[in-house]
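Before any comments, here is the structure.
What you are looking at is a predicted structure, and each value in this text was computed from that prediction instead of being measured.
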There are 2 protein chains.
Amino acid sequence: MRYSHKLSDAIHILAYVAIYQDGDLSSATIAASVESNPALVRRLMGALRRAGLLTTQQGSATPKLTRDATAITLLDVYRAVEEDGNLLHVDDKTNPKCVVGANIQDTLREAYDEVQRVAEAQLKRQTLAQIIAGILTRHHAKTQ
Amino acid sequence: MRYSHKLSDAIHILAYVAIYQDGDLSSATIAASVESNPALVRRLMGALRRAGLLTTQQGSATPKLTRDATAITLLDVYRAVEEDGNLLHVDDKTNPKCVVGANIQDTLREAYDEVQRVAEAQLKRQTLAQIIAGILTRHHAKTQ
DNA sequence: AGCTGATGTAACATATAAAGTAACATCAAA
DNA sequence: TTTGATGTTACTTTATATGTTACATCAGCT
């Protein structure tokens, strides 16, 4: 498949909502910033809403973060939009009659879990507020 | 796309070669253990050979690890078989005329690099020898 | 030398998931 | 009531992984 940009686009949406909180927050406007389409934006916003990160109102372009950007981690967003949150994938079709095929799946799962654990810990350490600060800092550096 | 099993299958191949080093190591036999096909096994072995982890000889089913399994990390294997080694992907098509779109790519790259760094460190900490030990331990537990 | 069976590699087909597109029901606000 | 928004679904397109086939090349044996 193509590589997923869902995490990146979801963070983009949340950052946009936070930065332009009193501006035009229609899915079409946000889609223009993402260079994507309104339906994708609405789909991602739906996932963010179900995860409790965003409130929306049907018929009204008024999305809002449910809490401060300092209290939203990249892990929160990742879990909201990536249903298979696994970074690495075990081949679950190996020969059970072979010593290697019969035992490698559980062994690898254990190994991959360690990778997943540290990656998620790192995602948890980074907040939406930091991303927003990074965006604004870069912007100001360019326009001064 | 489908999720990649290349890392898992490559580790499988290396473990198989190490465990059955004096047995039948034809791509067809290994493919039977992976429940895949010989061409895939040969493709992955080609990548492992180019990465310096394995030696092979055309015409002869005699693959060998180039060094002890304790000196081959999962990161070595990962880099050998995953050409795009990035676990997370920035959306590289965002609107440069928007403050968010123009600056989020670099900001996210920085954030994702941190995740990549800790994940790779964890992959580096785990060796092929540990995977082999895990496979054999599980096997012995079942057959005692 | 020739036969057999192996690898190396490429071309093509298929499967799967992401993202794009379009349509429409529903709701908000004027 | 009209306009324009969201929520959601179905379908299409695209990208990547894997499967399949074919065949050139090589090793090892007789």
> When we call it a touch if two heavy atoms are under 4.0 Å apart, what does A:S36 touch: a base, just sugar-phosphate, or nothing?
Replying inline: sugar-phosphate

>> Using a heavy-atom cut-off of 4.0 Å across all strands, would you classify B:A39 as base, sugar-phosphate, or nothing?
In response: base

> Would you say the side chains of B:T73 and B:R125 form a donor-acceptor pair under 3.5 Å?
Replying inline: no

> How about B:Y20 and B:T29: does a side-chain donor come under 3.5 Å of a side-chain acceptor?
Replying inline: no

Length of the line joining [X]:[atom1] and [N]:[atom2], which is rounded to integer Å:
X     : N      : atom1 : atom2 : answer
A:D24 : D:dG4  : CG    : P     : 13 Å
A:R42 : D:dA10 : CZ    : P     : 16 Å
B:D9  : D:dA17 : CG    : P     : 13 Å
B:D91 : D:dA15 : CG    : C1'   : 14 Å
B:I30 : C:dA6  : CD1   : C1'   : 12 Å
B:L40 : D:dT21 : CG    : C1'   : 14 Å
A:L48 : D:dG7  : CG    : P     : 11 Å
B:Q58 : D:dC23 : CD    : P     : 17 Å

[N] OP1/OP2 closer than 4.0 Å to side-chain N/O of [X]:
X     : N      : result
B:H5  : D:dT18 : yes
B:Y3  : C:dA15 : no
A:R50 : D:dT8  : yes
A:R49 : D:dG7  : yes
B:T56 : C:dG8  : yes

>> Using the side-chain heavy atoms of B:K6, tell me which of these nucleotides is nearest: D:dT6, C:dG20, D:dA17.
In response: D:dA17

> Nearest to the side chain of A:S27, which nucleotide is it out of D:dT6, D:dG19, D:dA17?
Replying inline: D:dT6

> Do A:L53 and A:L65 pass the side chain to side chain contact (heavy atoms under 4.5 Å, CB included) test, and can you show the C-alpha distance, the side-chain angles, and the key distance before you say yes or no?
Replying inline: CA-CA 6 Å; A:L53 302 179; A:L65 303 189; over 6 Å; no

> Are the side chains of A:L88 and B:L87 in touch, meaning some heavy atoms are under 4.5 Å apart?
Replying inline: yes

>> For A:E35, is there an ion pair with B:K97 - N to carboxylate O distance below 4.0 angstrom?
In response: no

> Hey, are B:K6 and B:D9 close enough for a salt bridge, meaning a charged N less than 4.0 Å from a carboxylate O?
Replying inline: no

>> On DNA chain C, does the nearest nucleotide to A:N37 precede the nearest nucleotide to B:S60 from the 5' side, or the other way round? Give the residue.
In response: B:S60

> Below 3.5 Å, does any donor atom in the side chain of A:R2 face an acceptor in the base of D:dA15, or the other way round?
Replying inline: no

> Would you say the side chain of B:R43 and the base of D:dG19 hold a donor-acceptor pair, judged only by whether the two atoms sit under 3.5 Å apart?
Replying inline: yes

>> Let me spell it out: for each of A:G59 and B:E35, pick the nucleotide of DNA chain D with the closest heavy atom. Which residue's pick is nearer the 5' end?
In response: A:G59

